[in-house]
Amino acid sequence: MTNPEEEKVTEKKSLNFIEAKVEEDLANGKNGGRVQTRFPPEPNGYLHIGHAKAICLDFGIAEKYGGVCNLRFDDTNPTKENMEYVDAIKEDIQWLGYQWGNEYYASDYFPQLWDFAIALIKRGKAYIDEQSSDEIAAQKGTPTQPGVDSPFRNRPIEESLDLFNKMNSGQIGEGKMVLRAKIDMASPNMHFRDPIIYRVVDTPHHRTGTTWHAYPMYDFAHGQSDYFEGVTHSLCTLEFVVHRPVYDLFVDWLKEIRGEGDSMDDNRPRQTEFNKLNLNYILLSKRNLLVLVNEGLVSGWDDPRMPTICGFRRRGYTPSGIHKFIDKIGYTTYDALNDFALMESAIREDLNATATRVAAVVNPVKLIVANYPEGQIEEMEAINNPEDETAGSHKIAFSRELWMEKEDFMEDAPKKYFRMTPGNEVRLKNAYIVKCTGCKKDENGDVVEVYAEYDPETKSGMPGANRKVKGTIHWVSCVRCIEAEVRMYDRLWKVENPRDELARLQGEGKTLLDAMKEMMNPDSLELRPVCYVEEYLAAAKPLDHFQFQRIGYFTVDKDSTPDHLVFNRTVALKDTWAKAL
RNA sequence: UGCCCAAUGGUGUAAUUGGCAACACGACUGACUCUGGAUCAGUAAAGUCCAGGUUCGAACCCUGGUUGGGCAACCA
């Protein structure tokens with residue numbers, strides 16, 4: 001018997017506006033009660049966290065309502081696209097945990113789109129314009145001023161037909177002529193002012209080679225592709241709102257020409273727009289990310305500071321952490337700027353539940369337990385994850401000489417400092433309680449060794465260990481540890497809103513590159529070439545996740561080898577002590 | 001001098017569709033802790049952009065404004 005109160009709580013969670021719309025469409029029997037979505041990336045770059053938001057929606061809606069989500073590459077511009085991107089996109093979607101139904105390409109529809117264009121020309125709804133792009137732009141008017149008709153607008157149909165064929169045969173140079181839909185040059189919607197629907201591109205296409213020279217534009221490909229595939233809900237971001245009337249018009253024309261219904265029936269895809277992701281301290285524009293990579297400001301698309309899916313993966317972010325984040329921010333029609341702290345909290349929440357706890361010293365100083373027998377080694381038990389009893393434990397070696405963090409010793413400590421300071425007792429995690437007796441400094445006054453004495457009765461697990469001490473610090477054995485490189489990553493940009501700041505700096509006359517250099521956080525990467533980690537990590541493989549106790553979450557980098565371990569900091573632990581300072 | 005869209009604590013998202021403005025992140029207390037993490041308990045923080053209107057009742061509907069975003073690529 002379930003408690004009715006409990007049931008109420010579980011069904012409480014509200015639908016986002018898109019889910020509500022889908023349910024309404026379903027209730028009204030639209031598209032025969034079917035739900036089909038698509039994720040339509042252009043293969044011209046790597047996917048970033050903004051795409052992850054779209055992916056979660058496209059695949060999530062299909063999953064929730066028993067439909068399918070297909071992957072469709074919107075590959076209508078061969079000058080920017082290639083197969084490297086196609087493969088990377090597929091890898092990233094799968095890593096996020098989704099599997100598409102079919103793999104489609106807009107380029108597969110070039111023949112149907114061509115036929116559609118021919119049909120429009122024959123009906124006097126499209127014409128070849130031979131003006132330059134400047135002339136066309138000038139005639140288009142502005143948002144506040146109507147456009148004027150092209151002198152070619154009413155040329156004979158036969159002429160347009162002939163020239164359209166020539167456009168596609170390689171006889172017409174790029175930019176010499178275009179095919180335009182004849183709609184309304186005075187429309188308040190700029191996209192209705194006789195939009196260009198085909199242009200000449202001589203760059204070979206990554207899939208169709210040199211078969212075509214005339215390529216459809218986005219507006220002439222997207223809605224039609226959706227229609228060919230049977231998409232019911234075409235979800236995209238808010239900047240496409242103004243394209244929706246064009247989308248609908250072309251689908252209407254297509255249906256009519258093919259004799260497959262009219263604008264009034266329900267057998268058609270519908271576009272719905274949601275807010276795209278904006279995150280503070282993050283820059284998502286593909287163009288800008290490309291500059292970062294090409295100019296060597298980062299190590300590549302998968303640099304752990306990049307907001308790309310592959311960058312986040314290498315940084316140590318997890319698919320489930322990303323899902324938690326996407327769930328938290330939601331889908332609306334408000335252009336929000338999300339706080340990156342929400343992203344980090346989602347990642348911490350996920351990693352806290354799953355990451356194995358280990359000891360690692362990232363800023364080492366030697367700790368000598370003076371009264372511990374020289375040469376003696378003890379195997380201590382270390383719990384793998386206090387949040388998960390089934391995670392078990394592993395062994396960690398204890399010895400007379402240990403590595404500890406420099407920050408965990410202070411000669412003159414403030415009152416609330418619960419770590420190593422002369423005369424103070426501290427617990428060495430999983431081992432003994434020790435009392436700090438002093439330190440040794442070099443000629444510069446820097447601490448080079450810390451001294452302590454242990455209480456043999458206080459070994460973890462023994463009755464004497466129950467004594468209360470305020471602080472616990474981590475350590476690794478000098479004789480039984482592994483040297484490792486640790487890369488401490490932080491935010492790439494020092495400004496909260498890099499997009500606006502970039503525009504501002506460029507407005508001052510700075511080049512894009514200079515503006516970027518000025519905005520970059522000099523501490524975005526701090527290399528710690530010599531750190532010490534416990535031996536347990538010898539077997540760690542790339543993308544394994546760990547919590548370095550008291551420091552943060554780390555993953556093994558792809559550069560890591562058994563002889564030279566490399567760890568990336570995913571995100572630091574919350575540090576209320578640092579805040580108190 | 002256009003068209004379209006939006007506006008709810010610091011941030012984001014809700015509000016049974018016209019009925020006590022709630023949740024998360026963040027912040028701050030305190031408890032607990034062999035991680036200054038986690039966990040637990042609690043506090044502060046919006047009266048819903050503004051002005052009118054409809055209504056017994058408005059965050060929600062209407063009118064007018066304000067502010068912000070989008071639209072003038074042979075990009076998607």
Side-chain angles (χ1 to χ4, degrees), chain A residues 8 11-14 16 20 40-42 44 74-77 79-81 106 129 132-133 136-138 140-147 174-180 187-191 193 196-201 215 217-219 221-222 236 238-245 273 275 280 286-287 325 327-346 348-349 352-353 357 359 383 386-387 416-419 427-431 433 458 460-461 465-466 468-474 547-553 572-580:
Chain A
K8 222 168 201 165
E11 71 188 41
K12 191 81 181 181
K13 92 172 228 215
S14 53
N16 65 45
E42 181 186 16
N44 70 342
D74 244 339
D75 54 348
T76 58
N77 183 3
T79 63
K80 295 167 128 188
E81 301 154 2
D129 196 328
S132 71
S133 74
I136 291 175
K140 207 159 216 169
T142 68
T144 56
Q145 285 179 321
E174 290 184 8
K176 294 294 180 220
M177 57 182 70
V178 292
L179 182 68
R180 300 178 73 180
S187 171
N189 183 336
M190 296 296 291
H191 298 278
R193 322 246 264 226
I196 293 169
I197 57 178
Y198 264 89
R199 82 295 209 185
V200 174
V201 179
Y215 288 89
M217 300 283 289
Y218 168 85
D219 277 322
H222 204 96
C236 63
L238 250 20
E239 66 266 33
F240 289 98
V241 168
V242 283
H243 292 253
R244 195 195 320 143
E273 311 84 10
N275 60 344
N280 59 6
K286 241 180 223 176
R287 172 175 136 77
F325 168 66
D327 280 349
K328 287 177 195 226
I329 61 173
Y331 298 89
T332 69
T333 54
Y334 171 69
D335 186 32
L337 179 60
N338 292 277
D339 192 340
F340 198 75
L342 196 55
M343 176 86 212
E344 296 195 322
S345 126
R348 285 197 191 100
E349 188 187 331
N352 178 48
R357 271 60 170 173
I383 302 292
E387 307 293 318
K416 289 240 187 170
Y417 187 79
F418 304 139
R419 311 180 192 180
R427 184 182 304 278
L428 298 180
K429 177 79 181 171
N430 300 319
I433 294 174
T458 60
S460 293
N466 289 331
K468 295 277 181 244
V469 289
K470 224 22 180 144
T472 299
I473 67 170
H474 62 277
Q547 185 197 87
F548 288 4
Q549 285 173 115
R550 304 208 305 131
I551 303 175
Y553 295 99
L573 247 33
K574 270 209 259 181
D575 189 350
T576 48
W577 167 245
K579 240 182 279 184

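Distance, Ile383(A) CD1 to U33(B) P: 17 Å, rounded to whole Å. Look at OH on Tyr331(A): it is 12 Å from P on A14(B), rounded to the nearest Å. Going from atom CG of Asn16(A) over to atom P of A14(B) covers 7 Å, rounded to whole Å. The CZ atom of Arg348(A) sits 14 Å away from the C1' atom of U35(B) (whole-angstrom rounding). Rounded to a whole Å, the CG atom of Asn275(A) is 15 Å from the P atom of G69(B). Asn280(A) places its CG atom 16 Å from the P atom of G10(B), with the value rounded to the nearest Å. Here G36(B) presents its C1' atom at 15 Å from CZ of Arg427(A), a figure rounded to the nearest Å. Whole-Å rounding puts the Tyr334(A) OH to U48(B) P distance at 17 Å.
Contact of the Glu174(A) side chain with the Val201(A) side chain is registered, since non-hydrogen atoms from C-beta on lie closer than 4.5 Å. Proximity of Phe325(A) to Leu342(A): side-chain heavy atoms (C-beta onward) are separated by under 4.5 Å at one or more points. The shortest side-chain heavy-atom distance between Leu573(A) and Tyr553(A) falls under the 4.5 Å cut-off. With contacts defined as side-chain heavy-atom distances shorter than 4.5 Å, the pair Arg244(A)/His191(A) does not qualify. You'll find the side chain of Val242(A) stays beyond 4.5 Å of the side chain of Met190(A), heavy atoms only.
Of the C1' atoms belonging to A45(B) and A22(B), the separation is 14 Å, rounded to the nearest Å. Here the separation of A51(B) from G69(B), taken at their C1' atoms, is 24 Å to the nearest Å. Remark: the separation of the P atoms in G9(B) and C60(B) is 15 Å, to the nearest Å. Only the C1' atoms considered, C25(B) is 15 Å distant from A14(B), to the nearest whole Å. Comparing A41(B) with A46(B), their P atoms are spaced 24 Å from each other, to the whole Å. Between U1(B) and C71(B), the two C1' atoms lie 15 Å apart (nearest whole Å). C62(B) and A58(B) have their C1' atoms separated by 11 Å, given to the nearest Å. When the P atom is compared between C49(B) and U11(B), the two are found 13 Å apart, to the nearest whole Å.
Here Lys574(A) lies in heavy-atom contact (under 4.0 Å) with sugar-phosphate atoms only. Leu337(A) comes within 4.0 angstrom of sugar-phosphate atoms only, judged by non-hydrogen atoms across all strands, and of no base. Across all strands, Lys468(A) comes closer than 4.0 Å only to sugar-phosphate atoms, never to a base (heavy-atom distances). Using a 4.0 Å heavy-atom cutoff across all strands shown, Leu238(A) reaches no nucleic acid atom at all. Base contact: Arg357(A) has a heavy atom under 4.0 Å from a base atom.
Residue Lys176(A) qualifies as open at atom NZ: its count of foreign heavy atoms under 6.0 Å is 12 or below.
In this pair, Phe418(A) lays its aromatic ring flat on the base of G36(B), centres within 5.5 Å and planes under 30 degrees apart.
Base pairing analysis places C40(B) opposite G30(B); the two distances defining the Watson-Crick or G-U wobble pair are each below 3.5 Å. For U11(B), the paired base is A24(B) (Watson-Crick or G-U wobble, both distances below 3.5 Å). Pair assignment for G64(B) gives C50(B), based on Watson-Crick or G-U wobble hydrogen-bonding distances that are each under 3.5 Å. In a base pair of the Watson-Crick type (N1 to N3 plus N6-O4 or O6-N4) or a G-U wobble (N1-O2 and O6-N3), with each distance short of 3.5 Å, U55(B) is matched with no nucleotide. Pairing for C71(B) goes to G2(B), judged as Watson-Crick or G-U wobble with the two contacts each under 3.5 Å.
Its glycosidic angle being more than 90° from 0, U16(B) falls on the anti side. A syn orientation is assigned to G47(B), its glycosidic angle lying within 90° of 0.
Within the structure, a side-chain polar atom (N or O) of Thr576(A) is placed less than 4.0 Å from OP1 or OP2 of G37(B). Phosphate contact (OP1/OP2 of A27(B), side-chain N/O of Lys579(A), threshold under 4.0 Å): present.
For Tyr417(A), the listed nucleotide lying nearest its side chain is G36(B); candidates were A6(B), A14(B), G36(B). Closest to the side chain of Ser345(A), from the set C25(B), U35(B), U13(B), is C25(B).
You'll find a donor-acceptor pair under 3.5 Å spanning the side chain of Arg419(A) and the base of G36(B), going by distance alone. Put simply, the side chain of Glu387(A) and the base of G37(B) share a donor and an acceptor less than 3.5 Å apart.
Along RNA chain B, the nucleotide nearest to Asn352(A) and the one nearest to Val241(A) differ in position, and the one closer to the 5' end is contacted by Val241(A). Taking for each of Thr332(A) and Phe548(A) the nucleotide of RNA chain B with the nearest heavy atom, the 5'-most of the two is the partner of Thr332(A).
Among the candidates Arg180(A), Arg199(A), Lys140(A), the single residue satisfying the salt bridge (charged side-chain N to carboxylate O under 4.0 Å, His left out) test with Asp129(A) is Arg180(A).
Tyr218(A) and Phe240(A) have tilted rings, their planes meeting at an angle from 30° to 60° on a 0 to 90° scale.
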Output one letter per nucleotide in nucleotides 71-76 of chain B: B when a protein non-hydrogen atom lies under 4.0 Å from the base, S when only the sugar-phosphate is that close, - when neither is. SB-BBB
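Listed for the Arg427(A) side chain is no donor-acceptor partner under 3.5 Å among the backbone atoms of Lys468(A).
Remark: Lys286(A) does not engage Glu42(A) in a salt bridge, criterion side-chain N to carboxylate O under 4.0 Å.
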